[in-house]
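Read through the structure below, which is laid out as structure tokens, and then see the notes.
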Amino acid sequence: IKKMKSDIILSTLVVVHNEEKILGSCLEKLKYSDELVVVLDKTTDNSKAIAKKYGAIVYEGSWKIEAKRRNFGIKMCKGQWILEVDADEHVPKELFIEIRKKIEKSNPGYYLIPFDNYIGNIRIRYGWGASWGVSAAPRLFYKGCKIWSANQSIHPSITLKGEKKWLKSRINHYVDDSINDMLMRLIRYTDMKSEDLVQNKKDLPPFWITLRRGITRFFKCYISRKGYKEGRWGFIIATMASLYIIISYMKAELKKKK
């Protein structure tokens, strides 16, 4: 893929924590960017050597808050346009072709990119959402138009500026390998979310409100986001989204009682 204008630089940013098993397959598909930036957060495995192998500019550090390490990575990118990718995602060549065409004539702003989410080798397109997965996200943006703006340890909020647009090509996101992986992710997510709830100075809501939110999230994923089209997988995803809310609350309540 050749650039049409030499003054437009496309940077790709990958923030990593001990992802040596999957990092190589991610980075090899990012060769069409002008600059590859990899931020290593508290990494103790072979991720640095793998990133260097693929020509990445590597920065190392230790951040407790996700927003801070992502904002650091954005700051280190030299490109006017930045594509933000996670280690468990693959960017197809077709998406880079579309990106090149768009940024040649685009005003500052951001693009939402749709996802194809996979569990193992099974593509699950419907039912994602409610803090358990996304069907699209603002991953391509002009520098300064996307800022990670919160201090949550999980699912931090973002501030977006400029014109909102969509791309058609998809990122392939390999979310989990199996149901066991989904359960382990549920443990990690609820641990982090409960800590955020504990650190928040506001009192926890009554349990019945949290229970209602969990049930609402189930129906949001299974009905509104058409998870029913995915059969049992859609049911499992909706259940996980519901349990994420309920278990996080229960863990936070137990921590506050200590």
Side-chain angles (χ1 to χ4, degrees), residues 15 17 64-67 70 86-89 112-120 122-139 148-160 170-258:
V15 178
H17 170 69
K64 184 178 180 180
I65 303 299
E66 181 179 352
R70 290 190 178 274
D86 288 339
D88 58 357
E89 298 168 353
L112 284 102
I113 302 178
F115 282 69
D116 270 342
N117 295 301
Y118 288 81
I119 300 174
I122 303 172
R123 188 185 73 179
I124 310 294
R125 179 163 287 186
Y126 298 100
W128 299 99
S131 302
W132 191 249
V134 295
S135 56
R139 294 297 192 86
W148 294 85
S149 55
N151 289 326
Q152 297 102 320
S153 57
I154 184 172
H155 301 141
S157 60
I158 55 176
T159 298
L160 297 168
R170 294 174 174 266
I171 289 178
N172 295 321
H173 182 200
Y174 297 91
V175 186
D176 298 298
D177 289 334
S178 63
I179 293 178
N180 283 346
D181 275 356
M182 295 180 76
L183 290 170
M184 294 302 295
R185 182 156 65 95
L186 180 64
I187 293 172
R188 294 194 307 272
Y189 277 18
T190 53
D191 280 348
M192 290 186 286
K193 181 61 177 179
S194 65
E195 191 61 35
D196 286 342
L197 291 172
V198 170
Q199 296 300 324
N200 193 325
K201 294 181 180 180
K202 296 181 180 179
D203 293 333
L204 292 173
F207 179 70
W208 69 267
I209 292 179
T210 301
L211 182 62
R212 185 181 65 185
R213 286 181 61 213
I215 295 171
T216 299
R217 293 210 173 189
F218 176 89
F219 284 101
K220 181 178 180 180
C221 290
Y222 196 65
I223 303 299
S224 301
R225 296 181 179 270
K226 302 180 181 179
Y228 61 86
K229 288 188 175 184
E230 304 291 356
R232 291 181 176 87
W233 285 114
F235 179 83
I236 292 171
I237 291 168
T239 300
M240 293 293 180
S242 175
L243 289 175
Y244 167 71
I245 295 297
I246 297 169
I247 294 176
S248 295
Y249 171 95
M250 296 176 71
K251 286 184 176 181
E253 190 175 44
L254 290 171
K255 288 178 181 178
K256 284 194 171 187
K257 288 181 178 180
K258 288 183 178 180

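Here, residue 1 is the first one in the sequence, and each next residue gets the next number.
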Query raised in the report: Any side-chain heavy atom of I237 within less than 4.5 Å of one from E230?
Result: no
Report task. Decide if atom OH of Y126 counts as having more than 12 heavy atoms of other residues, nucleotides or ligands within a radius under 6.0 Å. Result -> no
Query raised in the report: Could you state the interatomic distance from CD (Q152) to CE (M192), rounded to the nearest 0.5 Å?
Result: 12.0 Å
Query raised in the report: Can you name the residues that form a side-chain hydrogen bond (donor to acceptor under 3.5 Å, both in side chains) with Y244, not counting sequence neighbours?
Result: H155
Report summary line: Across all chains, not counting sequence neighbours, the salt bridge (Lys or Arg N to Asp or Glu O under 4.0 Å) partners of D176 are R185
Report task. Please name all residues satisfying ring-ring contact (aromatic ring centres under 6.0 Å, His included) with F219, sequence neighbours left out, ordered by chain then number. Result -> none
Report summary line: Minimal heavy-atom distance between L112 and P114, with the atoms involved, is O-CD, 4.0 Å
**Report entry** Test salt bridge (Lys or Arg N to Asp or Glu O under 4.0 Å) applied to K256 - qualifying residues, sequence neighbours left out
**Finding:** none
**Report entry** Contacts of type side-chain contact (heavy atoms from CB on, under 4.5 Å), residue A252, not counting sequence neighbours
**Finding:** S194, L197, V198, L204
Report summary line: Tightest non-hydrogen contact, residues F115 and E89, listed as CE2-OE2, 3.4 Å
Report task. First locate atom CG of L243, then atom CH2 of W132, and finally report the distance between them rounded to the nearest 0.5 Å. Result -> 8.5 Å
Query raised in the report: At what distance, to the nearest 0.5 angstrom, does CG of N117 lie from CD1 of I171?
Result: 10.5 Å
**Report entry** Set of ring-ring contact (aromatic ring centres under 6.0 Å, His included) partners for W128, sequence neighbours left out
**Finding:** none
Query raised in the report: How far does CG of D177 sit from CE of M182, to the nearest 0.5 angstrom?
Result: 11.5 Å
Query raised in the report: Above 12 or not: heavy atoms from other molecules or residues under 6.0 Å from CE of M250?
Result: no
Query raised in the report: Restricting to pairs with a member in residues 208-228, which pass side-chain hydrogen bond (donor to acceptor under 3.5 Å, both in side chains), not counting sequence neighbours?
Result: S131-R217
**Report entry** Close side-chain approach of R139 and D86, heavy atoms under 4.5 Å
**Finding:** yes
Requested in this report: State the CD1-CD distance between I154 and E195, to the nearest 0.5 angstrom.
Outcome: 12.0 Å
Report task. Kindly write out the residues that satisfy side-chain hydrogen bond (donor to acceptor under 3.5 Å, both in side chains) with R125, not counting sequence neighbours, or none if the list is empty. Result -> D116
**Report entry** 4.5 Å side-chain heavy-atom contact, I246 and L211
**Finding:** yes
Query raised in the report: Sub-3.5 Å donor-acceptor pair from the side chain of T239 to the main-chain atoms of F235, do we have one?
Result: yes
Report task. Go through the structure and list residues passing salt bridge (Lys or Arg N to Asp or Glu O under 4.0 Å) with E66, not counting sequence neighbours. Result -> R70
Report task. Grab the two heavy atoms, one from G129 and one from A241, that are nearest each other, plus how far apart they are. Result -> O-CB, 4.1 Å
**Report entry** Results of side-chain hydrogen bond (donor to acceptor under 3.5 Å, both in side chains) for K251 - residues two or more places apart only
**Finding:** T190, D191
Query - Which residues share a side-chain contact (heavy atoms from CB on, under 4.5 Å) with I158, sequence neighbours left out - result: P138, K146, W148, L160
**Report entry** Those residues that, when tested against S178, pass side-chain hydrogen bond (donor to acceptor under 3.5 Å, both in side chains) (two or more places apart)
**Finding:** none
Query raised in the report: Given side chains that start at C-beta, do those of W233 and I179 come closer than 4.5 Å, heavy atoms only?
Result: yes
Requested in this report: Decide yes or no for R123 and N172: does some side-chain heavy atom of the first lie under 4.5 Å from some side-chain heavy atom of the second?
Outcome: no
